[in-house]
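Since the structure comes first, as structure tokens, the remarks are kept for the end.
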Amino acid sequence: MPEVVFLDIDGTLLPRSLEQWFVPYLIQEGLMRPAKAVVLYCRSLLSASTRSWFDLKLRYLAGIHLATVEQWAKECWEKVVKGRLFPGIAPLVQELQHRGVRIVILSGAPTFLAAPLARHLGIAELVCAEPALVDGVLTGSLARPHPRGVRKVTAARQWLQEQKLLPAQAGAIADHWDDRFLLSFVGWPVVVRPGLRLALLAHRRSWIVIKNPYSDQETEKILRQAFSRGKSNYGEG
């Protein structure tokens, strides 16, 4: 059993990204004009030629105080997102916690959107997309590199070094092809509802695969695999 598990959010705990619910929520509640959201989001995409659009992904919230955005995120979680958690993944996370495994959310989702979910699952440690602030107001950019792809490995490695842990003592639960770097880095990789490329990679490397995150019947099987897999097998691939 790993000492710590890095947990993705979008596509892993939820069928869609948090922002795919958050932006429509803002528009539906009249908290943001549709034209503003569309224009600012398109501007961020057009900026991709000179700067990664992930660095501008929060441009639609530029000029808004963080406390206000956090309140919107909390309301969106309660009204829209909370009931959408995969029934088969949340129990797995909670059982791992019960067995003494530390859970760290490692996600490209903005911190203010991930926080309500983390509180719901009793997770205290988050490494997410951190918004840049000036006097408590969002600038529309990120304060540090977006944790996606190989950058997740960088973030995970730094966290493990600070905790004096080895990659072989860590696990990861994720779903996206970009997460293959993180899954290859840790000793206990778990893949959720993978696409074809990731499914093939998982099969080649004997990673644990959750095919149906809507069912909790796979949880016990996965935990048995976790306990039966010796530390000598950790870090393969």
Side-chain angles (χ1 to χ4, degrees), residues 1-14 86 88-109 111 114 117-118 121-130 144-211 213 218-237:
M1 177 66 70
E3 298 287 332
V4 60
V5 168
F6 295 106
L7 178 65
D8 180 46
I9 294 179
D10 300 339
T12 299
L13 285 169
L14 295 159
F86 283 138
I89 307 301
L92 171 60
V93 172
Q94 292 168 334
E95 183 61 25
L96 288 169
Q97 291 172 303
H98 177 70
R99 296 178 186 233
V101 179
R102 294 173 69 177
I103 305 295
V104 177
I105 289 181
L106 177 51
S107 170
T111 304
L117 182 151
L121 294 176
I123 300 172
E125 299 175 275
L126 292 82
V127 180
C128 297
E130 197 70 39
R144 60 188 181 200
H146 188 261
R148 175 177 172 142
V150 294
R151 289 177 177 175
K152 279 192 175 182
V153 176
T154 302
R157 181 182 288 111
Q158 180 178 345
W159 190 94
L160 290 171
Q161 288 174 345
E162 291 172 354
Q163 302 299 317
K164 295 181 171 55
L165 294 172
L166 299 173
Q169 296 174 282
I173 305 176
D175 75 294
H176 198 271
W177 175 243
D178 283 351
D179 294 321
R180 68 191 185 279
F181 304 106
L182 176 64
L183 292 163
S184 299
F185 174 68
V186 299
W188 188 68
V190 178
V191 184
V192 178
R193 200 169 63 168
L196 179 59
R197 287 187 299 176
L198 189 57
L200 291 172
L201 181 63
H203 177 73
R204 289 200 305 270
R205 300 189 177 182
S206 300
W207 293 347
I208 298 171
V209 176
I210 299 177
K211 296 179 180 179
E218 293 184 79
T219 298
E220 188 59 35
K221 178 187 73 174
I222 291 167
L223 289 170
R224 284 200 304 270
Q225 287 178 286
F227 277 113
S228 65
R229 180 174 292 194
K231 284 193 182 259
S232 63
N233 292 327
Y234 282 2
E236 290 182 350

Between Leu13 and Ala90 the two heavy atoms that sit nearest each other are CD2-N, 4.5 Å

CG of Leu160 to CZ of Phe6, rounded to nearest 0.5 Å, is 4.0 Å

Of all heavy-atom pairs linking Ala109 and Asp10, the shortest is CB-OD2, 4.1 Å

Test side-chain contact (heavy atoms from CB on, under 4.5 Å), reference Leu7, set Val104, Leu92, Leu96, Ile123, output is Ile123

Exactly one candidate in His203, Arg205, Arg204 meets side-chain contact (heavy atoms from CB on, under 4.5 Å) with Trp207; the answer is Arg205

- Query: Is Val191 close to Asp179 at the side-chain level, that is, under 4.5 Å between some pair of heavy atoms?
  - Reply: no

Item to complete: Flag the pair Pro167 / Val186 as yes when at least one side-chain heavy-atom distance between them is below 4.5 Å, and no otherwise.
Response: no

By ring pair (Phe, Tyr, Trp, His ring centres under 6.0 Å), Phe86 pairs with (sequence neighbours left out) Tyr214

Answer yes or no: is there a donor N or O on one side and an acceptor on the other, between the side chain of His146 and the main chain of Ala129, under 3.5 Å?
no

Distance col, row Arg102:CZ vs Leu165:CG, nearest 0.5 angstrom, shows 7.0 Å

side-chain contact (heavy atoms from CB on, under 4.5 Å) with Lys152: of Val127, Leu183, Leu182, only one passes, and it is Leu182

- Under 3.5 Å, side chain of Gln97 to main-chain N/O of Leu121, donor-acceptor pair present? yes

Correct closest heavy-atom pair for Cys128 and Ile105 would be SG-CG2, 3.9 Å

Heavy atoms of Leu106 and Ala156 approach each other most closely as CD2-CB, 4.1 Å

Fill in: Close side-chain approach of Arg180 to Leu198, heavy-atom, < 4.5 Å
yes

Minimal heavy-atom distance between Gly149 and Phe181, with the atoms involved, is C-CD1, 3.8 Å

For Asp175 and Val192 the tightest heavy-atom approach is CB-O, 3.2 Å

